[in-house]
Protein chains: 2
Amino acid sequence: MIEEGYAAVSSRRVATGAGVNVGLVYYYFATMDDLFIALFRRGAERSLERQAEVLSSPQPLWGLWDLTHQQSDPAVTMEFIALANHRKAIKSEIADYSRRFRAMQVEVMTRVLPGYGLDPEQWPASSIMVMMTGISRFLLIEDAFELDTGHAETVALIEGRIASLEGPRGSAGTHGATEPAPLTF
Amino acid sequence: MIEEGYAAVSSRRVATGAGVNVGLVYYYFATMDDLFIALFRRGAERSLERQAEVLSSPQPLWGLWDLTHQQSDPAVTMEFIALANHRKAIKSEIADYSRRFRAMQVEVMTRVLPGYGLDPEQWPASSIMVMMTGISRFLLIEDAFELDTGHAETVALIEGRIASLEGPRGSAGTHGATEPAPLTF
DNA sequence: GTCTATACCGAGATAGAC
DNA sequence: GTCTATCTCGGTATAGAC
């Protein structure tokens, strides 16, 4: 899927890769869509766990930011999104999990951000999450195309804001900046 | 391609859709990749023209922001990105055009943003473009999945910043805010 | 330039033996 | 559970007549 795209994932190739017969693939997964959904679900569950971990850390913003840059292979994500464009079952599966990811983020951030001196009226937790996620995903996609115009500057800018809110990366406990950070995310 | 994904685009179906014979498709496009590249190029050229237009308007920030929300069908974009993951020729085609889009944006913004009172050290034009593009693309993708948590808030936030720099949407000439806008993008 | 005809392959999926 | 065998379809691509 990563190397050749979802269209290259066939029952025959899965069988061969597993050292097994084609019929057996259909014994476990009635259709190829079922197989894709099982694959997605397994990955999503793992990611949910990892997100829960970093969100419960002393520096959830740093945790989330770093998580995107490490974990998520943008290629496989793009494949699933493309798949979802024309397979309803997969689309709703992705939508369900995305809601859970977002809900978990917003729940934590709504509690944490005011302590950082961020006015929730001006900087709603949900917006912070949408913007942060959008930007980091976009950076990864561009990376895959070897596009990097403005990337270093953007990373520096975002990480500067995170640091002003949570203190330097890895310095657990020093967050809750003494001088209320400028409201500039 | 939009309805069923790139994998559903076959020489046979293209031929049928065009009311023409399969052989003729291969007469014009030696391989299906050539056809995809031609398709992408045509769309990209049109988009480049539209971008040039809005960038030369009196409110280039508003123009760019609105352009993403109107024009770009995220579905077809996703399909091309997925395609690019495993077809080198398409990948480099997309990369080339992306560089041209970004270069055009940065060129204009580097001239324009200082006049808005934005310090280029703190807010490099390239970063503004990366962030704005990333966020608006992300919003569109989520929309396709009927996810809208935080969307309204984020749009309000971004549009508020644009308005503080360029004045209200559509009010050409009133930009260059009289009171230097707070440096908060 | 457009068509007919065809070669060849791999896809999804099922039946039925073991 | 696992395999063999097979059906049916649609994919890419080409040769060659018109």
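Each chain gets a letter, A, B and so on, in the order its sequence line appears, and its residues count up from 1. Keep in mind that what you see is a predicted model, and the values were worked out from it rather than measured.
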Inset, instruction - Mind checking salt bridge (charged side-chain N to carboxylate O under 4.0 Å, His left out) for A:R12 and listing every partner two or more places apart, or none if nothing turns up? - result: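 Once residues adjacent in sequence are excluded, A:R12 has no partner under the salt bridge (charged side-chain N to carboxylate O under 4.0 Å, His left out) criterion.
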Suppose we screen for side-chain contact (heavy atoms from CB on, under 4.5 Å). Which residues come up paired with [X], at least two apart in sequence or across chains?
X: A:A82; value: A:Y6, B:E79, B:A82
X: A:A103; value: none
X: A:T16; value: none
X: A:Y26; value: A:S11, A:V22, A:M32

Legend entry - Contact residues, residues 9-19 of chain A to DNA chain D [heavy atom, < 4.0 Å]: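 Contacts with DNA chain D under 4.0 Å: none.
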Taking salt bridge (charged side-chain N to carboxylate O under 4.0 Å, His left out) as the cut-off, I'd like each qualifying pair that reaches into [range], sequence neighbours left out, listed once.
range: residues 43-65 of chain B; value: B:E45-B:R100
range: residues 14-34 of chain B; value: B:D33-B:R87
range: residues 139-156 of chain A; value: A:E142-B:R102

Inset, instruction - Using atom CG of A:N21 as one end and atom P of C:dA13 as the other, report the distance to the nearest whole Å. - result: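 So the two atoms are 15 Å apart, to the nearest Å.
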Inset, instruction - Flag the pair B:I81 / A:I81 as yes when at least one side-chain heavy-atom distance between them is below 4.5 Å, and no otherwise. - result: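 Side chain of B:I81 against side chain of A:I81, heavy atoms only: no contact under 4.5 Å found.
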Legend entry - Proximity to DNA chain C (any heavy atom under 4.0 Å), residues of residues 22-41 of chain A only: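 The stretch gives A:Y26, A:T31, A:M32 as the residues lying under 4.0 Å from the strand, ordered by number.
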Legend entry - Non-neighbouring partners of A:R13 that pass side-chain hydrogen bond (donor to acceptor under 3.5 Å, both in side chains), sequence neighbours left out: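 Per chain and number, A:R13 pairs via side-chain hydrogen bond (donor to acceptor under 3.5 Å, both in side chains) with A:E4.
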Inset, instruction - Name the first nucleotide and the last nucleotide along DNA chain D (5' to 3') that come under 4.0 Å of a heavy atom in chain A. - result: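 Here the contact window of chain A covers D:dG1 to D:dT4.
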